[in-house]
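A short worksheet on the structure shown next.
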Amino acid sequence: MELIDGKAVATEIKQQIAEEVKQIVAAGGKRPHLAAILVGHDGGSETYVANKVKSCAECGFESTLIRYESDVTEAELLAKIDELNNNPEIDGFIVQLPLPKHINEQKIIESVSYKKDVDGFHPINVGRMSIGLPCFVSATPKGIVELLKHYNIETKGKNCVVLGRSNIVGKPVASLMMQKGTDATVTICHSHTQNLKNICKNADIIIAALGKPEFVTADMVKDGAVIIDVGTTRVPSTETKSGFKLKGDVKFDEVAPKCSYITPVPGGVGPMTICSLMINTLAAGKKIYYR
Ligand code: GUN
């Protein structure tokens, strides 16, 4: 069994980005600039956004964090998004999800210009991705495919089972895995799937993204399978300073010995997600996909 070290891969890619940014700036080009909107004080979102800002510094990007209290109105958010859409200094921006219930999340996602949508959540980017056109691909799916490539893990013709059908991970990662070049045969399982255990047992690659801690157990995994664990449920813990720890969707201790490759939580998919956002921000700065 080989542990997939997402943290090390992400560090390597961020160093390459920093090198490229240095050259861009030295040649008189613009330093990429990412803005992030954070609403409220959800612990998970606070951590993710802090890590995104930190990664921007590591890559040599400018970053701007815009904060609102959770009673911000939808109109105020839409006005800020409109301002960012029209500000040539900002190359790309994200609105950290989830948003408070009184705000229509889909409306917010669709109000971000697809040209600055480095999260790849806008329907234009989702649609372009699904038909294989150049676009911003959402960060977690992109990070997963990068990891598989980095470790030279064969995907062509392999049975890939995706657990979960979220718009952020399940659906887009399934779409990427079956695309030309990746060439996996993909099955998506969700809360209404029958015979889930048997379907998993037949998988060469399992991508677990349902947000249910330790859902995938050893009896669901074929010998030699590749396991990608996207779960990041925060559970209380007395072992850490912060008072919580992240739990994956896979029962790591019993599943790991059966695998050829497995991602740990933390340190697997998580760091790659942020790294993909950095790749997208560099592409936004270089106006690679859209002018
Ligand atoms: N919430 C959970 N994952 C993400 C992400 O990738 N981007 C944003 N904006 N919010 C998230």
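Everything quoted here is computed from the prediction, not taken from an experiment. Each ligand, and each atom within it, is numbered from 1 in the order the structure gives.
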Is there a donor-acceptor pair closer than 3.5 Å between any side-chain N or O of Asp183 and the backbone N or O of Gly181?
-> yes
Side chain or backbone of [X] under 4.0 Å from ligand 1, or both, or neither, by non-hydrogen atoms?
{"X": "Thr273", "answer": "neither"}
{"X": "Lys52", "answer": "side chain"}
{"X": "Leu97", "answer": "both"}

Closest heavy-atom approach to atom 8 (C) of ligand 1 among Asp117, Asp119, Thr232 is made by Asp119
Evaluate side-chain contact (heavy atoms from CB on, under 4.5 Å) for Lys80 paired with Ile66, printing each intermediate quantity in order.
-> CA-CA 9 Å; Lys80 177 53 78 177; Ile66 301 154; 4.1 Å; yes
What about Val95: any of its N or O atoms under 3.5 Å from an N or O on ligand 1?
-> yes
Taking every heavy atom of Ser191 against every heavy atom of Arg165, the minimum-distance pair comes out as OG-NH2, 3.6 Å
Are side-chain N/O atoms of Thr155 and Thr182 paired as donor and acceptor at under 3.5 Å?
-> no
Give a yes-or-no answer on whether the side chains of Gln16 and Glu20 include a donor-acceptor pair shorter than 3.5 Å.
-> no
If you have a sec, work out which protein heavy atom is nearest atom 5 (C) of ligand 1 and how many Å separate them, to one decimal?
-> Phe121 CZ, 3.8 Å
Looking at atom 4 (C) of ligand 1, what's its closest protein heavy atom, distance included?
-> Gln96 NE2, 4.1 Å
Pairing of Arg67 and Glu46 as salt bridge, 4.0 angstrom limit | yes
